[in-house]
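The structure appears below as structure tokens.
All residue numbers in this chain count up from 1 along the given sequence.
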Amino acid sequence: MTLEEIHGQQPMPAGHDWMQGAGTALHELLVSAQRRGCLTAGVYESAKLMNVDPDNVAFCVLAADQEDEGDIALQIHFTLIQAFCCENDIDIVRVNDVAKLAAIVGPSEDSGEPRDLHCILITNPNEEGWKDPALQKLNLFCEESRNVNDWVPTITLPE
């Protein structure tokens, strides 16, 4: 008997298609949020926003390349952001490819400089009726991941 059977939970779908669907949904969400002005990039900018208005944050993405795994300060920031997101019921995922994120969201609109993409927040837009289907897919993905005790699932972005 598996742990899922004991607790009446369905096991997480095993398969490349399901994970690829989450990666595609994340790509769509990032593009849509940036177009609507609902994207905040940067560890410090994200922390400030979460401190001031946590109810406005809809989703969080943490990104780190392999070389970032040794950055203790960044890992401490990630731990604090994860704790804050869990405390405020904000879904959160990890991405292991900052370069793909940079290709999606691009440089800063103000200065044209590369952005800190280690943390990206998707905020609720001012429009009341906005329901992004990609956000709903990712919320479901995160919920199903939590059912199998994967509290911060890792998503692979599509090529």
Side-chain angles (χ1 to χ4, degrees), residues 7 9 12 19 21-111 113-157:
H7 293 288
Q9 299 170 341
M12 195 173 207
M19 290 297 286
T24 302
L26 180 59
H27 183 275
E28 291 169 6
L29 178 63
L30 291 169
V31 169
S32 174
Q34 185 167 14
R35 193 172 352 129
R36 294 182 180 273
C38 302
L39 188 137
T40 301
V43 172
Y44 296 110
E45 293 81 0
S46 297
K48 285 190 288 189
L49 177 65
M50 286 192 291
N51 190 39
V52 172
D53 192 10
D55 294 335
N56 196 34
V57 178
F59 199 77
C60 179
V61 179
L62 296 178
D65 288 327
Q66 210 159 18
E67 60 267 7
D68 294 326
E69 295 300 325
D71 185 343
I72 301 301
L74 183 61
Q75 296 309 316
I76 291 170
H77 287 296
F78 280 3
T79 301
L80 294 171
I81 290 169
Q82 288 173 20
F84 191 88
C85 287
C86 288
E87 186 177 305
N88 289 283
D89 296 322
I90 299 167
D91 286 327
I92 182 171
V93 296
R94 278 186 161 246
V95 173
N96 290 331
D97 196 337
V98 178
K100 282 184 184 177
L101 275 178
I104 295 168
V105 299
S108 173
E109 294 171 7
D110 299 332
S111 65
E113 295 288 318
R115 303 193 230 194
D116 170 16
L117 298 176
H118 290 105
C119 183
I120 296 175
L121 297 181
I122 308 300
T123 56
N124 292 317
N126 295 331
E127 307 159 24
E128 286 296 321
W130 185 63
K131 298 263 191 262
D132 193 307
L135 179 59
Q136 293 173 343
K137 287 179 192 175
L138 287 167
N139 290 143
L140 179 61
F141 172 80
C142 289
E143 182 180 329
E144 291 177 3
S145 295
R146 285 190 298 272
N147 286 339
V148 293
N149 290 324
D150 186 4
W151 295 94
V152 183
T154 301
I155 292 181
T156 303
L157 291 167

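Taking the side chain as every heavy atom from C-beta outward, L39 and I122 approach each other to under 4.5 Å. Residues I155 and R94 fail the side-chain proximity criterion, which asks for heavy atoms closer than 4.5 Å. The shortest side-chain heavy-atom distance between C85 and M50 falls under the 4.5 Å cut-off. Using a 4.5 Å heavy-atom threshold, the side chains of L157 and V95 count as touching. In this structure, D132 and Q136 have side chains that are not in contact, with every pair of non-hydrogen atoms separated by 4.5 Å or more. I81 has its side chain within reach of C119: a pair of non-hydrogen atoms, C-beta onward, lies under 4.5 Å apart. By the 4.5 Å heavy-atom criterion applied to side chains, V93 and V152 are not counted as neighbours.
A search for side chain to side chain contact (heavy atoms under 4.5 Å, CB included) contacts involving I76 returns I72, L80, not counting sequence neighbours. H27 is linked by a ring-ring contact (aromatic ring centres under 6.0 Å, His included) to nothing, counting only residues two or more places apart in sequence or in another chain.
Salt bridge annotation for R146-D91: present, with a cationic side-chain nitrogen under 4.0 angstrom from a carboxylate oxygen.
The minimum heavy-atom distance linking N51 with P54 is given by the pair O-CD, 4.2 Å. Between H118 and V43, the shortest heavy-atom contact is CB-CG2, 3.8 Å.
The distance from the CD atom of E144 to the CG atom of D150 is 12.0 Å, given to the nearest 0.5 Å. Between the CG atom in L62 and the CG atom in L117 there is a gap of 12.0 Å [rounded to 0.5 Å]. Of the inter-residue distances, the one linking L121 atom CG with K48 atom NZ reads 12.0 Å to the nearest 0.5 angstrom. Distance check: S145 OG to W151 CH2 gives 10.5 Å after rounding to the nearest 0.5 Å.
Of the candidates T40, I104, L26, L101, L101 is the only one forming a side-chain contact (heavy atoms from CB on, under 4.5 Å) with I120.
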Intermediate values then yes/no, side-chain contact (heavy atoms from CB on, under 4.5 Å), T156 and N96: CA-CA 7 Å; T156 303; N96 290 331; over 6 Å; no
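Around CD of E67, the count of heavy atoms belonging to other residues, nucleotides or ligands within 6.0 Å exceeds 12.
Among pairs with a residue in residues 41-97, those fulfilling ring pair (Phe, Tyr, Trp, His ring centres under 6.0 Å) read Y44-H77, at least two apart in sequence or across chains.
Side-chain N or O atoms of D65 include none that pairs as donor or acceptor with a backbone N or O of D68 at under 3.5 Å. Of the possible polar contacts, one joining the S46 side chain to the G42 backbone as a donor-acceptor pair under 3.5 Å is found. Listed for the N88 side chain is no donor-acceptor partner under 3.5 Å among the backbone atoms of I90. K137 places no side-chain N or O within donor-acceptor distance of the main-chain N or O of A25, the cut-off being under 3.5 Å. With hydrogens and angles ignored, the 3.5 Å screen pairs no side-chain donor or acceptor of E28 with any backbone N or O of G23.
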